[in-house]
Amino acid sequence: MTAVEDPACQALGIQLEHVDAGRARLRMLATPAMANLHGTVHGGYLFLLADAAFAYASNSHGRPAVAHSAQITFVRAAEVGDHLVAEAAEVTRHGRSGVYDVTITRHTSEVIAVFRGNSMTVATIR
């Protein structure tokens, strides 16, 4: 595993397991600092993990890509102490647009959340 380049991901200890053309897999340990008022992992952290996997997959073709839109469906609660894995896979890419699905699972392979991101390639980021 290697460290991610994103400072927000680095702060959360997110690790990059794999990246290939249109695919990426990242891992994160759910810590007590990520808990919401119910004691489960706050959805914002799950969204960030999925979005990071989406970013790596959509930028894997060599052209800068940014999110155009994204949505997440929370299937079940993630618990503090869970080892979470986000796997992103390209659904389609045409012209400047791409569609990517990300599945977040816990170490038991249970699906926690499903995310769909739409990307757009750009000439420059800024």
Side-chain angles (χ1 to χ4, degrees):
M1 281 187 272
T2 59
V4 292
E5 298 174 23
D6 181 317
C9 290
Q10 288 176 357
L12 296 176
I14 294 174
Q15 295 180 312
L16 176 64
E17 279 194 345
H18 177 78
V19 66
D20 200 3
R23 304 186 75 76
R25 185 173 50 247
L26 279 67
R27 179 177 298 276
M28 176 180 80
L29 173 64
T31 66
M34 297 176 184
N36 61 21
L37 62 94
H38 302 294
T40 59
V41 177
H42 191 288
Y45 290 104
L46 298 173
F47 190 96
L48 190 149
L49 176 62
D51 186 54
F54 162 50
Y56 272 91
S58 64
N59 279 278
S60 65
H61 297 289
R63 293 188 58 201
V66 297
H68 175 272
S69 61
Q71 76 111 99
I72 193 166
T73 301
F74 302 107
V75 178
R76 63 177 46 89
E79 303 292 335
V80 170
D82 280 347
H83 292 271
L84 302 171
V85 175
E87 292 203 51
E90 187 174 271
V91 175
T92 188
R93 197 167 54 103
H94 180 73
R96 295 179 55 210
S97 299
V99 179
Y100 295 81
D101 284 343
V102 182
T103 303
I104 299 176
T105 57
R106 66 167 46 104
H107 53 281
T108 59
S109 300
E110 291 178 294
V111 174
I112 300 296
V114 179
F115 170 106
R116 174 159 279 188
N118 299 287
S119 68
M120 181 166 288
T121 59
V122 293
T124 62
I125 297 298
R126 292 183 190 223

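The structure presented is a predicted model; accordingly, all values stated were derived computationally and were not measured.
Contact of the C9 side chain with the L48 side chain is registered, since non-hydrogen atoms from C-beta on lie closer than 4.5 Å.
Of the residues listed (V80, T40, V41), the one engaging M34 in a side chain to side chain contact (heavy atoms under 4.5 Å, CB included) is V41, and it is the only one. Among the candidates L84, L12, T31, I14, the single residue satisfying the side chain to side chain contact (heavy atoms under 4.5 Å, CB included) test with Y45 is L12.
Among all heavy-atom pairs drawn from A24 and A57, the shortest one is CB-N, 3.8 Å. Minimum heavy-atom separation, L26 to A53: CD1-CA, 3.8 Å. When all heavy atoms are compared, the tightest approach of R106 to A78 is NH2-CA, 3.6 Å. Minimum interatomic distance between A70 and F115 (heavy atoms only, all atoms of both residues): CB-CZ, 3.5 Å. When all heavy atoms of V102 and A50 are compared, the pair lying nearest together is CG2-O, 3.7 Å.
The distance from the CD atom of E90 to the OG atom of S119 is 7.5 Å, given to the nearest 0.5 Å. Summarising the geometry, atom OG1 belonging to T105 is positioned 8.0 Å from atom CZ belonging to R27; distances are rounded to the nearest 0.5 Å. Residue R116 holds its CZ atom at 10.0 Å from OG of S69, rounded to the nearest 0.5 Å. Rounded to the nearest 0.5 angstrom, E17 CD and E87 CD are separated by 8.0 Å.
Side-chain N or O atoms of R96 include one that pairs as donor or acceptor with a backbone N or O of T121 at under 3.5 Å. No side-chain donor-acceptor contact under 3.5 Å links D51 to the backbone of F47. With D101 contributing its side chain and A89 its backbone, the two residues share no donor-acceptor pair below 3.5 Å. For R76 (side chain) and V111 (main-chain N/O), a donor-acceptor pair under 3.5 Å exists by modelled atom type.
Open room surrounds NE2 on H68; 12 or fewer heavy atoms of other groups in view lie less than 6.0 Å from it. Surrounding NE2 of H61 are more than 12 heavy atoms belonging to other residues, nucleotides or ligands, all under 6.0 Å away.
When hydrophobic clusters are built by joining Ile, Leu, Val, Met, Phe, Trp and Tyr residues whose side-chain heavy atoms come closer than 4.5 Å, directly or via intermediates, V114 is not grouped with I112. Follow the hydrophobic side-chain contacts under 4.5 Å out from V99 and you never reach Y56; the two are in separate clusters. Note: the hydrophobic cluster containing L46 does not contain L29 (ILVMFWY, side chain heavy atoms under 4.5 Å, direct or indirect links).
Ring-plane geometry between Y100 and F54 is classed as tilted, the angle between the planes lying from 30 to 60 degrees on a 0 to 90 degree scale.
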